[in-house]
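Have a look at the structure below before the remarks.
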Amino acid sequence: IVSKDVSLRSIRQKVGMVFQYPEYQLFGETVFEDVAFGPKNMGVSDSELQDRVDQALTLVGLDLSLKERSPFELSGGQKRKVAIAGVLAMQPQILILDEPTAGLDPKGRDEVLSLVAHLHQKENKTIVLVSHSMEDVARLAQRLVVMAHGEIALEGPPEVIFRQADYLEAIGLGVPQVTRLLQVLQKRGFDVDPDHYTIESVEGEIVRLLETR
């Protein structure tokens, strides 16, 4: 992206970036002003601007009646959604999210994770999720890239990466707690498959184990 012949404008139209704590970057007097800022600077017409703002707010699950309210009057989860809507209003093909659930309460966390899943599954957005939360990763990711000391240390699907529990813990990450539970049970002689990493699949594995005892 630093090459002289690269069009940063073109890249910004294709790739949207949501930084950690994006609500700290809110500045508009109204939700509409904040969400409209990006596309307006891209040269989107006033008539299309209204549609883009409405579509983006609807996508993130915010009521359109909030458009004229100050974003600073909203809850933490709602502010996070306004910030994400501002990126979505630019209609990027790829969305990069840096620790999107950081600092949110459980309800806000679930809402944001559900939104990320919806954008990928229903809106066909390519999502790059940066996170230290292995629970979030287990819930959403199809492919993991583990970074350590500025280099790629591991790469692959979750079930492959989470087998490297000791290494992941050594570099400050780990595995989902439910996966670690199965790994401990297996080491103690229980007949369980440790290649599960969501609460639902681990629950099924434990139920199977209990039924066989």
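We find that R69 and D63 are not joined by a salt bridge, their nearest charged nitrogen and carboxylate oxygen being 4.0 Å or further apart. Using a 4.0 Å cut-off between charged side-chain N and carboxylate O, K67 and D54 make a salt bridge. The existence of a salt bridge linking D166 and R180 is confirmed by a sub-4.0 Å separation between a basic side-chain nitrogen and an acidic carboxylate oxygen. Residues E135 and R139 are not paired through a salt bridge, judged by the lack of any N-O separation under 4.0 Å between the basic side chain and the carboxylate. A salt bridge does not link E159 to R163: none of the charged side-chain nitrogens sits closer than 4.0 Å to a carboxylate oxygen.
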Please lay out, stage by stage, how D191 and T212 fare under the test side-chain hydrogen bond (donor to acceptor under 3.5 Å, both in side chains). CA-CA 9 Å; D191 180 23; T212 60; 6.0 Å; no
Mind running side-chain hydrogen bond (donor to acceptor under 3.5 Å, both in side chains) on R109 and S114 for me, showing each step along the way? CA-CA 9 Å; R109 185 186 195 91; S114 296; over 6 Å; no
Could you walk me through whether S45 and S47 satisfy the side-chain hydrogen bond (donor to acceptor under 3.5 Å, both in side chains) test, starting with their C-alpha distance in whole Å, then the side-chain angles of each, then the deciding distance to 0.1 Å, before giving a yes or no? CA-CA 5 Å; S45 65; S47 58; 3.2 Å; yes
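A heavy-atom distance below 4.5 Å is found between the side chains of E211 and V207.
For F19 and Y24, the distance between ring centers is not under 6.0 angstrom.
With hydrogens and angles ignored, the 3.5 Å screen pairs a side-chain donor or acceptor of D34 with a backbone N or O of G28.
Looking at S75 and R80, their side chains never bring a donor and an acceptor atom within 3.5 Å of each other.
Here L129 contributes atom CG and D98 contributes atom CG; the two are 9.0 Å apart, rounded to the nearest 0.5 Å. One finds the CG atom of L140 at 9.5 Å from the CG atom of L97 (value rounded to the nearest 0.5 Å).
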